[in-house]
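Below is one structure, written out as structure tokens; the observations come after it.
Throughout, numbering of the chain's residues begins at 1 and tracks the sequence. Note that this is a predicted model, so its numbers are computed, not measured.
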Amino acid sequence: KSGRSDDGNEDVIRDRIAEYKEKTVPLKDYYNAQDKFYPIGGSGRMNEISERICRTIERTIQVV
């Protein structure tokens with residue numbers, strides 16, 4: 001749950017998932033084809049995820 005007031009509404013959740021699949025998922029292939037896709041695990045505590053993001057950005061900057 002994200003903590004949003006509509007998290008309990010299954011129709012809203014289905015719409016969010018459908019929109020994600022339609023608009024976000026295709027971006028992976030688009031950026032991957034340009035060697036600009038860097039997957040980052042989104043499980044864990046917020047500070048752990050933030051650290052993963054920062055490390056990925058730092059590695060990316062060093063490569064360029």
Side-chain angles (χ1 to χ4, degrees):
K1 282 189 163 184
S2 66
R4 292 169 47 153
S5 60
D6 56 1
D7 275 347
N9 185 324
E10 288 186 31
D11 291 330
V12 171
I13 294 169
R14 277 191 205 89
D15 288 344
R16 280 190 218 154
I17 292 170
E19 186 155 331
Y20 170 80
K21 288 179 179 179
E22 177 186 340
K23 296 179 180 177
T24 304
V25 171
L27 293 174
K28 177 184 181 260
D29 292 335
Y30 174 81
Y31 285 107
N32 198 34
Q34 299 176 44
D35 292 324
K36 294 180 180 179
F37 178 74
Y38 304 94
I40 299 170
S43 297
R45 295 190 171 141
M46 193 178 303
N47 64 325
E48 296 168 336
I49 298 166
S50 296
E51 180 61 32
R52 286 184 218 131
I53 293 169
C54 290
R55 281 195 313 261
T56 301
I57 291 170
E58 288 169 4
R59 282 194 303 261
T60 303
I61 291 171
Q62 292 174 3
V63 170
V64 174

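Here Asp6 pairs with Arg16 in a salt bridge; the nearest charged N to carboxylate O distance falls below 4.0 Å.
The cationic atom of Lys28 (NZ for Lys, CZ for Arg) lies less than 6.0 Å from the six-membered ring centre of Phe37 and within 45° of the ring axis.
Remark: side-chain polar atoms of Asn9 are paired, donor with acceptor, to backbone N or O of Val12 under 3.5 angstrom.
Other residues, nucleotides and ligands contribute at most 12 non-hydrogen atoms within 6.0 Å of the CD atom of Glu10.
From Thr56, atom OG1 reaches atom CD1 of Ile40 across 4.0 Å, with rounding to the nearest 0.5 Å. Summarising the geometry, atom NZ belonging to Lys36 is positioned 11.5 Å from atom OG1 belonging to Thr60; distances are rounded to the nearest 0.5 Å.
Screening residues 45-57 for salt bridge (Lys or Arg N to Asp or Glu O under 4.0 Å), with sequence neighbours left out, gives Glu51-Arg55.
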